[in-house]
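Worksheet for the structure shown next.
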Amino acid sequence: MKRRDFIKKSTLSSFTAIIGIELVYGAKMLDGYTPLALQDPDPFKLFNKHKDMVVLNDKPWNIEAQAHLLDDKITPNSCMFIRNNGLVPENVDPNIWTLTIDGESVKNKKTYTLSDLKSKFEQHTYQLTLECGGNGRAEFDPPAKGNQWTIGAVHCASWTGVRLRDVLEDAGIKSNAVYIGYHAIDKHLSLDPKKEPISRGCPMDKALQDETLLAFKMNGEDIPLIHGYPLRLVAGGWPASVSGKWVDRISIRNQVHDGTKMTGTAYRVPCEPVAPGEKVKDEDMCIIESMPVKSLITYPKTGAMIQKGKALTIRGHAWAGELEVDKMEYSIDFGSTWSTCSIEKPANRLAWQHFSATVDFPKSGYYEVWARATDTNGIAQPMLLPGWNPKGYLNNACHRIAVKVK
Amino acid sequence: MNKKEAFGAQVRKVYRLLMLLFALFVITGGGLMYYMVNPNVFDFLLKPETVVLTPVEIDEDRIENGIHVRTGLVDAEGLMIVVNNCTNCHSSKLVTQNRMNTERWNATIKWMQETQNLWDLGRNQEVIVNYLVTNYPPIAKGRRMVLKDIDWYELED
């Protein structure tokens with residue numbers, strides 16, 4: 001055996017011994033990269049997630065909730081979906097962390113430490129609904145490319161931080177500013193240091209809203225690493241990809257931000273409706289802004305069997321992007337008739353709203369309880385899939401649960 | 001005993017020690033070299049039951065019930081080409097979740113080459129795409145699917 005081969009094989013076989021599999025192309029593995037499997041093979045322990053969370057992808061990590069896991073008014077970390085485009089950063093040191101505000105339209109490029117941000121600016125706490133733009137993708141036909149989210153890529157946690165507006169204004173915003181773009185420290189899957197896994201943003205008016213935060217706390221504690229520790233941009237009501245994790249730089253742009261996943265077909269839908277499966281040119285795709293009206297029945301879990309004559313209490317949450325939910329209804333006859341649910345006002349703008357109703361069933365048998373929210377513009381959720389789009393975004397079709405009355 | 005004799009005795013002692021060490025070195029080195037050339041030389045010492053213990057090394061590409069255990073991919077023509085080209089950067093779960101036709105898989109590969117540093121697949125591309133469309137074909141879902149895989153339970157008050 002050649003010595004060189006022996007050394008290579010023995011190094012790799014020590015990995016193999018731990019992981020139990022051989023790393024294909026292990027010999028080409030970059031120095032300093034710990035294989036994901038070695039970090040911790042159990043994502044539920046690694047990220048403190050509920051055992052019923054569903055792993056869609058383990059490289060990169062993408063994990064979604066099920067409807068019944070989202071019953072809390074404020075979503076706990078254990079039931080928050082995980083969406084990653086790249087590799088989760090390691091060895092984050094909050095003491096040396098800085099945030100830089102730069103870009104063509106910044107008056108003075110400035111860098112802040114975390115303690116600068118915490119001491120210099122007023123802190124605010126908001127409950128903010130973050131939904132993945134691709135939540136519901138699994139239902140599109142023909143299928144759309146990407147992680148096949150069903151219904152669980154949404155949460156509403158309580159976020160504490162400083163207003164992005166206060167920080168941007170401290171650095172100074174030129175009059176030609178049109179967009180902000182975030183940059184973060186997560187690594188691209190290819191480990192190419194020149195590539196950013198994701199660098200998205202939003203127009204200035206969204207960036208300057210009261211509720212758009214540079215958050216350092218989630219549900220009263222340090223943000224968990226997987227959700228963006230130590231600093232996350234949080235822009236409720238918009239595709240959650242606007243809410244960049246591990247943010248260390250925000251650029252004030254004099255043009256629409258052109259970072260990774262801002263261009264091409266990413267987080268874009270056809271500007272004009274298309275037939276299912278139709279090809280759409282990049283220039284005919286428009287950036288998604290506010291998310292559409294939607295709701296989830298979080299209690300009971302689908303599959304409930306109840307006794308005849310017993311009323312069933314249902315509850316859940318409804319949200320409408322930048323808007324509020326005005327009306328909440330349910331149907332047990334596939335939309336032939338609708339009954340009203342009571343719905344609470346949101347805790348603050350961009351927080352999801354809680355609804356409940358007591359449902360009576362006329363006779364025994366199989367039922368589906370369908371829920372439908374209507375926003376303040378009078379736009380309701382469709383019962384069927386909304387317009388097909390190449391990347392499978394914005395599926396806000398009604399959620400339903402199965403119930404049997406015996 | 002004068003100093004010269006004492007010195008001579010010490011030199012002899014050191015000499016004997018060095019000779020001993022050299023002899024040991026030659027024997028050990030020779031033995032090791034013999035073992036490298038004939039690694040099975042000690043096999044007669046092994047007890048029969050150790051034979052049972054030899055296959056501890058798990059085959060990383062083992063197939064169980066028609067599934068490639070490590071990746072969860074279906075065992076079919078082109079499997080290892082798919083494993084070797086499609087599960088380095090991302091999980092096989094991203095492959096099996098996605099169901100596309102030939103044209104869209106080719107477009108996806110092109111996108112990965114343009115933006116994600118995927119290498120040129122050469123003649124393997126056809127094998128890979130054939131594997132995917134054969135084993136993971138699109139499923140017609142229509143405008144809304146029937147609820148399925150319902151886990152029925154008694155709801156207590």
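Protein chains get the first letters and strands the later ones, always in sequence-line order, with residue 1 at the start of each.
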Check: Do B:Q116 and A:H188 come close enough that some side-chain heavy atom pair is under 4.5 Å?
Finding: yes
One should read off an interatomic distance between B:S92 OG and A:D58 CG, to the nearest 0.5 angstrom, of 6.5 Å
If one checks every heavy atom of A:I306 against chain B at 4.5 Å, the contacting part turns out to be side chain
Okay, A:V55 and chain B: the region with an atom under 4.5 Å from a heavy atom over there is both
Is the side chain of A:D141 donor-acceptor paired with the backbone N or O of B:A140 at a distance under 3.5 Å, no angle test?
no
Smallest heavy-atom separation, B:E156 atom then A:Y299 atom, equals O-OH, 4.4 Å
Of A:M383, A:E139, A:R137, the largest count of non-hydrogen pairs under 4.5 angstrom with chain B goes to A:E139
Rounded to the nearest 0.5 Å, the CG atom of B:L94 sits from the NZ atom of A:K59 at a distance of 11.5 Å
Closest heavy-atom pair, A:L385 versus B:R144, reported as atoms and distance to 0.1 Å, is CD2-CD, 3.6 Å
When the 4.5 angstrom heavy-atom criterion is applied to A:L312 and chain B, the contacting part is side chain
Note: vs chain B, highest number of non-hydrogen pairs under 4.5 angstrom among A:K310, A:K406, A:K301 is A:K301
Report task. Using modelled atom types only, decide if a donor and an acceptor are shared between the side chain of B:R99 and the backbone of A:K145 within a distance under 3.5 Å. Result -> no
d(B:K93 NZ, A:N57 CG) to nearest 0.5 Å is 8.0 Å
If one checks every heavy atom of A:P197 against chain B at 4.5 Å, the contacting part turns out to be neither
